[in-house]
Trainee: 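Please read through the structure below; I'll follow up with questions.
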Amino acid sequence: MSSKYYMVFYVAYPYYFPHFLPISQYIGSQDKKILYILSDKQNTAVMEQIAQDEQLDYLLGDEHLYQVDTQFIFFANLFNQGRELKATRLFLWHGVGTKPYDFKQALSENDILFTEGDYKYNKLVNEFPQFSSKIYKVGYSKLDSVFNVTTQTIDALKDKYQLDKRKKTILYAPTFYPSSIEKMSDDFPKEFSDYNVIVKAHYLTFERKKYHKQLIKFNKWAKYDNCTICSVDEYNLVPFLSLADVMISDESAAVFEFTALNKPVILNKFLKLRLSYILNPKKLTKRLDSGMDRYRLIGDNANTYDEMVSMTRDGFNHPDKYEHARLEMTEDICGLVDGKVSERIYQICESQIQNVSTMAPQLIDQDN
């Protein structure tokens with residue numbers, strides 16, 4: 001008996017969509033039926049709007065995970081009740097880079113774990129050899145969408161965000177904490193009046209009251225004609241990766257995504273810290289992703305705002321400066337960037353089905 005759905009995608013937060021959409025689009029192109037189940041615990045309205053805009057078949061509420069008939073359920077976060085599900089459980093971490101995560105639990109709870117490049121694959125196989133047969137290196141699914149971007153798409157995006165098509169574009173994509181936002185100049189867009197400036201912040205900047213000063217900064221920047229501040233509804237960074245010529249960031253894993261497109265990136269080292277982190281440096285060390293240090297050679301590291309301004313302009317003038325380091329990092333972190341990650345995931349799922357099919361007669365024979 002065939003399942004009603006081939007695959008279900010469980011979405012706990014809006015920023016899971018960019019990872020899942022390329023996969024579901026490819027599998028849908030293979031005449032397989034797809035369903036999205038959205039958590040009703042947070043960001044419900046935003047996620048429903050995204051599902052509707054993308055014309056997805058979806059249900060709202062975790063309870064549907066136990067009721068739906070499907071072969072596979074895809075997670076991007078830990079789901080403690082996953083063992084109770086009848087479907088094959090797939091896991092794809094909702095980020096890229098070197099930040100620590102409870103992969104042991106993820107491997108324990110799920111049947112297959114997909115990872116990106118050599119760095120994470122080798123790390124997981126070495127740390128958890130007992131789970132090595134569950135781990136598959138496929139690349140970074142989020143970047144598959146970049147390969148569908150045409151010149152016409154770029155022009156349409158520039159019109160949508162009212163960008164000057166005669167100018168090159170800077171993408172400022174900071175994280176929420178520790179962030180460089182508060183230490184940026186109030187006149188940041190004015191410093192780059194000869195460029196388009198797009199600001200794409202983490203959604204927690206908009207969702208949590210403790211970061212309200214970051215929004216105050218954005219309001220000041222929004223007064224400049226060359227600056228576009230992306231709202232919380234703009235959940236997907238990929239279109240902006242395609243639009244931008246240079247990225248400015250800080251501790252965000254977005255630098256790995258942009259670097260995978262072989263474009264210049266500036267990493268801000270001037271960060272706004274809470275007093276508790278200043279008084280307790282060990283707390284800051286624990287918060288920061290120390291594993292990222294080895295990859296800071298992919299671009300210029302700015303210790304001050306003025307250095308950032310100079311380095312950004314240099315990035316436009318010398319885009320090939322860190323090309324070798326970018327290519328090496330991409331292979332290590334993101335893996336193969338060829339637009340076919342979703343296809344590889346589908347093939348692995350198909351192999352899983354075939355393996356189960358060939359094992360079934362053997363199990364029957366053993367019972368007899």
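In this chain, residues are counted from 1 in sequence order. Every value quoted in this text rests on a predicted model; they were computed, and no experiment measured them. Just the heavy atoms: all of them, side chains too, but no hydrogens, waters or symmetry mates, feed the values below.
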Trainee: Tell me whether the count of non-hydrogen atoms from other residues, nucleotides or ligands lying under 6.0 Å of CG in D31 goes above 12.
Mentor: no
Trainee: For A173 and A254, which heavy atoms make the closest approach, and how far apart are they?
Mentor: CB-CB, 4.4 Å
Trainee: Aromatic rings F188 and Y172: how do their planes relate, parallel, tilted or perpendicular, breaks at 30° and 60°?
Mentor: perpendicular
Trainee: Centroid separation under 6.0 Å, is that true for the rings of F103 and W93?
Mentor: yes
Trainee: Answer yes when D164 and R166 have at least one side-chain N-carboxylate O distance shorter than 4.0 Å, and no when they do not.
Mentor: yes
Trainee: With a 4.0 Å cut-off, would you call K165 and D159 a salt bridge?
Mentor: yes
Trainee: Would you give the length of the straight line joining atom CD of E191 to atom CZ of R313, rounded to the nearest 0.5 angstrom?
Mentor: 8.0 Å
Trainee: Any carboxylate oxygen within less than 4.0 angstrom of a Lys/Arg side-chain nitrogen, looking at K321 and D300?
Mentor: yes
Trainee: Under the salt bridge (charged side-chain N to carboxylate O under 4.0 Å, His left out) test against E257, which residue among K200, K263, K142 passes?
Mentor: K142
Trainee: At their closest point, which heavy atom of N301 faces which heavy atom of M311, and how far apart are they?
Mentor: O-CE, 3.3 Å
Trainee: Between H202 and F176, what is the ring plane arrangement, given parallel below 30°, perpendicular above 60°, and tilted in between?
Mentor: tilted
Trainee: Give a yes or no on this: more than 12 heavy atoms of other residues, nucleotides or ligands lie within 6.0 Å of atom CG of D225.
Mentor: no
Trainee: Give, for atom CD of Q30 and atom SG of C349, the distance between the pair rounded to the nearest 0.5 Å.
Mentor: 12.0 Å
Trainee: Could I get the full list of side-chain hydrogen bond (donor to acceptor under 3.5 Å, both in side chains) partners for T153, not counting sequence neighbours?
Mentor: T150
Trainee: Is the shortest distance from a Lys or Arg side-chain nitrogen in E109 or R89 to a carboxylate oxygen in the other one below 4.0 Å?
Mentor: no
Trainee: More than 12 foreign heavy atoms under 6.0 Å from CD of E48: is that the case here?
Mentor: yes
Trainee: Test of understanding: with salt bridge (Lys or Arg N to Asp or Glu O under 4.0 Å), list the residues that count as partners of D118, not counting sequence neighbours.
Mentor: K137
Trainee: Applying the side-chain hydrogen bond (donor to acceptor under 3.5 Å, both in side chains) test to R326, which of D320, T259, N262 qualifies?
Mentor: N262
Trainee: If you count heavy atoms of other groups shown closer than 6.0 angstrom to NZ of K167, is the number above 12?
Mentor: yes
Trainee: Check the angle between the aromatic planes of F218 and W221 and answer parallel, tilted or perpendicular using the 30° and 60° thresholds.
Mentor: tilted
Trainee: Taking the six-membered ring of Y195 (Phe, Tyr or Trp), confirm whether the NZ or CZ of K168 is under 6.0 Å from its centre and within 45° of its axis.
Mentor: no
Trainee: Which distance, rounded to the nearest 0.5 Å, do you find between the OH of Y140 and the CD of E116?
Mentor: 7.0 Å
Trainee: Is it the case that over 12 heavy atoms from other parts of the model lie below 6.0 angstrom from the CD atom of Q55?
Mentor: no
Trainee: Which residue pairs satisfy the ring pair (Phe, Tyr, Trp, His ring centres under 6.0 Å) criterion with at least one member in residues 20-65, sequence neighbours excluded?
Mentor: F9-F20, F9-Y36, F17-Y36, F20-F74, Y26-Y346
Trainee: Quiz question: by atom type and distance under 3.5 Å, do the side chains of T88 and D111 form a donor-acceptor pair?
Mentor: no
Trainee: Report, as yes or no, whether the 6.0 Å neighbourhood of atom CD on Q162 holds more than 12 heavy atoms from other residues, nucleotides or ligands.
Mentor: no
